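Scope of the values below: all heavy atoms of this structure, side chains included, with no hydrogens, waters or symmetry mates. The shown structure was predicted, so the numbers you read here are calculated from the model rather than taken from an experiment.
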Amino acid sequence: MWKIFRKKTQVEKELEELSKKIKSEPLNMSTLFSNLNMRGEIDALYSDLCRRAHPDRFVGNDEKMALADKLFKQVQESKADYQKLLALKDEVDKLCEQ
């Protein structure tokens, strides 16, 4: 019963404002499905880059192995960033061509 007289915390206020904002914005289904399709592309690009830049592919060549290790870590750190993955794709392509 006394809950209605309790003062709201900062987190509760922020959640209430966020809830109002979400409810006021219309849902755009085409954007939602576009983002889902983009997620599939990101996952495919990520797995391809992980496979191609894995350091174990370059066991005999220490220089390439060190570069592949650096690239592999960058790919893992950029898993959700499509633009960074595209930039890293060029570097991985150069590594595999050498």
Side-chain angles (χ1 to χ4, degrees):
M1 176 173 167
W2 297 103
K3 193 174 186 179
I4 58 171
F5 297 110
R6 184 176 59 87
K7 193 173 187 178
K8 291 183 179 178
T9 65
Q10 182 65 27
V11 173
E12 289 173 325
K13 289 178 185 177
E14 290 173 2
L15 285 173
E16 190 175 284
E17 290 174 19
L18 183 60
S19 176
K20 286 179 184 177
K21 182 180 177 185
I22 290 171
K23 289 177 183 176
S24 68
E25 294 178 2
L27 182 61
N28 187 347
M29 294 304 280
S30 63
T31 304
L32 178 66
F33 288 116
S34 172
N35 289 343
L36 288 175
N37 290 337
M38 183 65 119
R39 185 74 233 165
E41 291 176 29
I42 293 172
D43 289 343
L45 179 60
Y46 171 77
S47 62
D48 180 52
L49 291 177
C50 281
R51 181 180 46 78
R52 293 176 59 211
H54 199 280
D56 290 347
R57 290 188 67 211
F58 307 98
V59 171
N61 190 338
D62 291 338
E63 183 180 317
K64 277 190 173 184
M65 192 172 186
L67 182 59
D69 186 47
K70 183 184 104 176
L71 285 173
F72 186 71
K73 288 178 183 174
Q74 288 178 349
V75 168
Q76 287 181 325
E77 291 169 359
S78 306
K79 182 175 183 173
D81 190 348
Y82 189 65
Q83 298 301 320
K84 282 186 181 179
L85 288 176
L86 285 176
L88 289 170
K89 183 180 185 304
D90 294 336
E91 293 183 44
V92 171
D93 288 343
K94 289 177 188 174
L95 173 70
C96 292
E97 288 175 1
Q98 291 177 349

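- The structure places NZ of Lys79 at 13.5 Å from CD of Glu77, a figure rounded to the nearest 0.5 Å.
- Exactly one of Asp93, Leu45, Asp81, Leu71 qualifies for a side-chain contact (heavy atoms from CB on, under 4.5 Å) with Leu88. That residue is Leu71.
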Candidate pair Phe58 and Leu67, rule side-chain contact (heavy atoms from CB on, under 4.5 Å), full reasoning: CA-CA 10 Å; Phe58 307 98; Leu67 182 59; over 6 Å; no
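- When all heavy atoms of Arg52 and Arg57 are compared, the closest pair comes out as O-NH1, 2.9 Å.
- Rounding to the nearest 0.5 Å gives a distance of 11.5 Å between CD of Gln76 and CG of Leu49.
- Ser47 contributes a side-chain N or O that, together with a main-chain N or O of Asp43, makes up a donor-acceptor pair within less than 3.5 Å.
- Note on Lys94 versus Asp90: no salt bridge recorded, every NZ/NE/NH1/NH2 to OD/OE distance being 4.0 Å or above.
- In this structure, CG in Leu15 is found 10.5 Å from CD in Gln10, a value given to the nearest 0.5 Å.
- With hydrogens and angles ignored, the 3.5 Å screen pairs no side-chain donor or acceptor of Ser78 with any backbone N or O of Val75.
- Rounding to the nearest 0.5 angstrom, the gap separating the CG atom in Leu95 from the CD atom in Glu63 is 10.0 Å.
- Minimum heavy-atom separation, Pro55 to Ala68: CA-CB, 4.0 Å.
- The distance from the CG atom of Leu18 to the NZ atom of Lys13 is 16.0 Å, given to the nearest 0.5 Å.
- In this structure, the ring-ring contact (aromatic ring centres under 6.0 Å, His included) partners of Phe72, at least two apart in sequence or on a different chain, are His54.
- To the nearest 0.5 Å, atom CG of residue Asp48 and atom CZ of residue Arg51 are 4.5 Å apart.
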